[in-house]
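The next block holds one structure in the form of structure tokens; read it before the comments.
Positions are given from 1 along the sequence.
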Amino acid sequence: MDLRYEAYCFADSLFYDVQSLTETPRDDFAHVLPTLPSGWKQADHNIWRHVHPDGVVLPTQGWKIHVSATLRNAGQVLKATHSYCVEHRIPFKHLRTLSIVLARNSKYAPREGSGKLITIYPADETQMERILTDLSAELDGFEGAYILSDLRYGAGPLFVRYGGFVEQWLEVDGKRVLAIQDRDGTLVPDRRKPTFSLPEWVELPACLAPHLDARNNSGDPAQFPYQVTKSLHFSNGGGVYLANRKSDGKEVVLKEARPHAGLDRRSADAVSRLQHEHDTLVQLAGIPGVPEVYEHFVCWEHHFLAMELMPGNRLSWWLGHHYPLAHTTVTDEQLAEYRTRTFALVDKVERTLDAVHERGLVFGDLHAHNILLDENERLSLIDFELSFPIDSDQRPTLGAPGFQAPPDRSGSDVDDYGLAALKLWLFLPLNTMLELAPEKLQSHVDFIRRRFDLPDEYCDSIIDVLTPRTSIPAATHIALDDEQPDWTVVRKAIATAILASATPHREDRLFPGDVEQFEFSPAAFAYGASGVLHALHASGEGRFPEYEQWLLDAVRREPPKEPGFYAGAHGIAHVLENFGYSEQAADLVAEYAPMVDETQDHSLRSGLAGIGLNLLHFAHTRQDRDFLAQAIDLGDRTASMLPNAEPPGDKGRAGLFLGWSGPALFFVRLFEHTGDRAWLDHAERALDRDLEECELAVDGTLQVHDGDRTLPYVEVGGAGIALVLDEYARHVPDAPPVAKLPDLVSSCGSEYVSHPGLGFGRMGLLGTLAQVVRRQPDPVFEKAIERHLRALAWHAVSYENGITFPGYQLRRLSMDLMSGAAGVLLTVASTLDQTGRMLPFLGVQPQPADALAASAP
């Protein structure tokens, strides 16, 4: 689970969004703060309110001060700090609302930002020392969550860290990250990890030395009664570790809780939940499958619970290895065997819950990550922090999406809901969608009833329990529900939903989509406006001048942070060029040329491959040999990186976007433009590099290795490699890498895919199959295409008389190209129209070298 998404779920029930205009005026801290005097400027940017005195010029980086607070004292701390900074004309920023404070300190908020209420920007170290001295007295006695990335000053809510004051960006592992300058002026990453660190060229100010000593001496490791051997899990509330008890070497699970952090919606922190879990485990002692509790202790400021290590892996791991629909082929015998094992598993869960209920408690947090199965499929339950008395009116304030009982359930009904959700999830793991679109429940149950030949009693029990007791809108029939959908109607309906979602009055986004558009550019191709407008046009659904003007304005208002194609300037320029905004497109390319000169990223997403392919596009559309020469130069630079390519690691990168398949596509297109077969040699070596990251998956197909799993997808995965291998095979059909193509394409045929999107979902697999079948028809792959089109209905949701789809994590709807409806529209259109143009630069017919190429330098 990507923890970033939780913070973007607070603002809106349908779309990922920042907490900006959704809070009530009373929630805004403005009601407790005095009006700024003249000579000050104030501006809101996403969750922050920036306050700056006129005439004060800050350095680009330095020591900054963070002020922490709790929900209870946030208003007081902010008011005192606000008054001090205004009096002394010191720039600062603060979180705008109390709701944002809760979200930033919630259990699944990013740990590196936890606790931060205010950021103060001293002009130099002398001013920093004075601010710390003054505010430590002013804020004496106030508490706040420990800011993990910082050094604490004294015992109060003040923390310091050396970092950037203004945004500077650097490419690291294919991503643009915030940067600072080292002593030579070279940009290096501005590390924001959840532990304090000092850049090697920065000397610690003398005023901070005692506080670093206090931090280093705050806990004697020799006195800690356990030796931690492995980190299992982290949340904003603390970590979970494997450890050995020093007294006897016994292996235990050690759970950590941080004060004032990991808040739930009742503002209870991780410490209070840990104490509650200890008491619960004592009450449940002796129940098979429930861990034994050993001790509860405090070390430094953190609380710890030592408990029995239960055997086995999480149920989610078990499903990943045994769920038959995740494999490319499945027999009736395999479905029957899985059904039998699943019924036995559900029975074990039910018996364990009954034993918990007999002790007068409700488990309260039943989901796939809290159930362990060993090699003999013996079952254990873990994580009892949300348990509560069965006869109380309590209910959990946290929970897993798709498993958490709604507010109308209490007592043992909470566990009954979790059990029913589990019964559905084991046969179709898309529960998260039901919070977004509860009307999908009936169709999902109908599918598992039919596909797995499940008894009516089993299916009816799911419907009876999961159906909301409060009234919900009746499920709307959509075109994808038909046995034989009219795809012209479907395509029009998807476009209708996309257009209905547009928010041209907003400056931070045009179409709702993935959280990435808030972290990078709202105009970018992958997750922003330019990609959506491209998809609408390329799929035949039209041009929209009002939204094209928004795109032009957005580029001027908030220029992209990088030159890359999918995340930056070149993708936007590509769309502007195709729409006839030639001058603006050329200006954008020229503006980012110096940044391209510094780029060391080879990838299609952010690096030279995507930029080079766009320059080739400009060379072709404009018949301009200067653009071709620039592309050839980038091709040479990219090829020169290949011999020093980073060897495969545990984390998968191979595929179209991050791996060497993107450069291989660039090399193939360079060959088509120039006729120089040396580019095909580079393409082969690049493809070989990505194939080094591949291994046989559980179902025998070839996929990209990624830790304890394998990936078949386009963005990172086997499909992305297959797309480029197919393009390469048109020119060198007998080359050794081409022999791997059938096994890569076979990985695209599984019936179950968790996400519908293009980058990491069903549409990427569908589009890959469609492109390969265009070159070489194959009845097995053609059947897989039909299966993908049919299963698209699993994720389809009615929206404003149209059809749309959830984005990554399935928590909210998305309209963007890579995760949402625009990508679905474009892929379906390219599949049914047989163009193969699921993405730019794919499905392009080879062109012989022409006079333009021949005249290139």
Please name the residue in the list Y8, F15, Y16 that meets the ring-ring contact (aromatic ring centres under 6.0 Å, His included) test with F518. Y8
Please assess Y241 against F234 for the test ring-ring contact (aromatic ring centres under 6.0 Å, His included), listing each intermediate value before the final yes or no. CA-CA 9 Å; Y241 312 92; F234 286 107; 5.8 Å; yes
Whether W300 and Y146 hold their rings parallel, tilted or perpendicular, with breakpoints at 30° and 60°: perpendicular
Just verifying a value: how many Å separate I47 CD1 and R96 CZ, rounded to the nearest 0.5 Å? 8.5 Å
Report the residue from H278, Q275, E277 that forms a side-chain hydrogen bond (donor to acceptor under 3.5 Å, both in side chains) with H296. Q275
May I ask you to check whether over 12 heavy atoms, not counting those of R72, lie within 6.0 Å of atom CZ? no
Donor-acceptor contact present, side-chain H276 to main-chain S387, <3.5 Å: yes
Is there a donor-acceptor pair under 3.5 Å between the side chain of T81 and the backbone N or O of L78? no
Could you go through the ring-ring contact (aromatic ring centres under 6.0 Å, His included) check for F159 and F196 one step at a time? CA-CA 10 Å; F159 299 79; F196 175 69; over 10 Å; no
Using only atom types and a distance under 3.5 Å, with no angle test, would you say the side chain of D27 pairs donor to acceptor with the backbone of S99? yes
Can you establish whether the number of heavy atoms outside Q168 located under 6.0 Å from its atom CD is more than 12? yes
Under 4.0 Å between a side-chain nitrogen and a carboxylate oxygen: does that hold for K41 and D54? yes
So, does Q61 use its side chain to make a donor-acceptor pair with the main chain of Q181 at under 3.5 Å? yes
Parallel, tilted or perpendicular for Y808 and H755, by the 30°/60° rule? perpendicular
So, the side chain of D553 versus the backbone of R556: is there a donor-acceptor pair under 3.5 Å, distance only? no
Check the pair H367 / N370 against side chain to side chain donor-acceptor pair (under 3.5 Å), numbers first and verdict last. CA-CA 6 Å; H367 60 85; N370 284 347; 3.1 Å; yes
Taking the side chain as C-beta and beyond, is there a heavy-atom pair between R811 and E6 under 4.5 Å? yes
Return yes if some donor-acceptor pair links the side-chain N/O of R273 with the main-chain N/O of A257 below 3.5 Å, else return no. no
Minimum-distance pair of heavy atoms, taken over all atoms of F29 and L117: CE1-CD1, 4.1 Å
Can you tell me if N236 and R258 form a side-chain donor-acceptor pair at under 3.5 Å? yes
Can you find a heavy atom in the side chain of I180 that is under 4.5 Å from one in the side chain of Y162? yes
Using modelled atom types and a 3.5 Å cut-off, is there a donor and acceptor pairing between side-chain atoms of D190 and backbone atoms of G164? yes
So does K193 get a backbone contact from the side chain of S149, meaning a donor-acceptor N/O pair under 3.5 Å? no
Test: D816 and R509 ion pair at under 4.0 Å: no
Mind checking whether R192 and R161 have side chains closer than 4.5 Å, heavy atoms only? yes
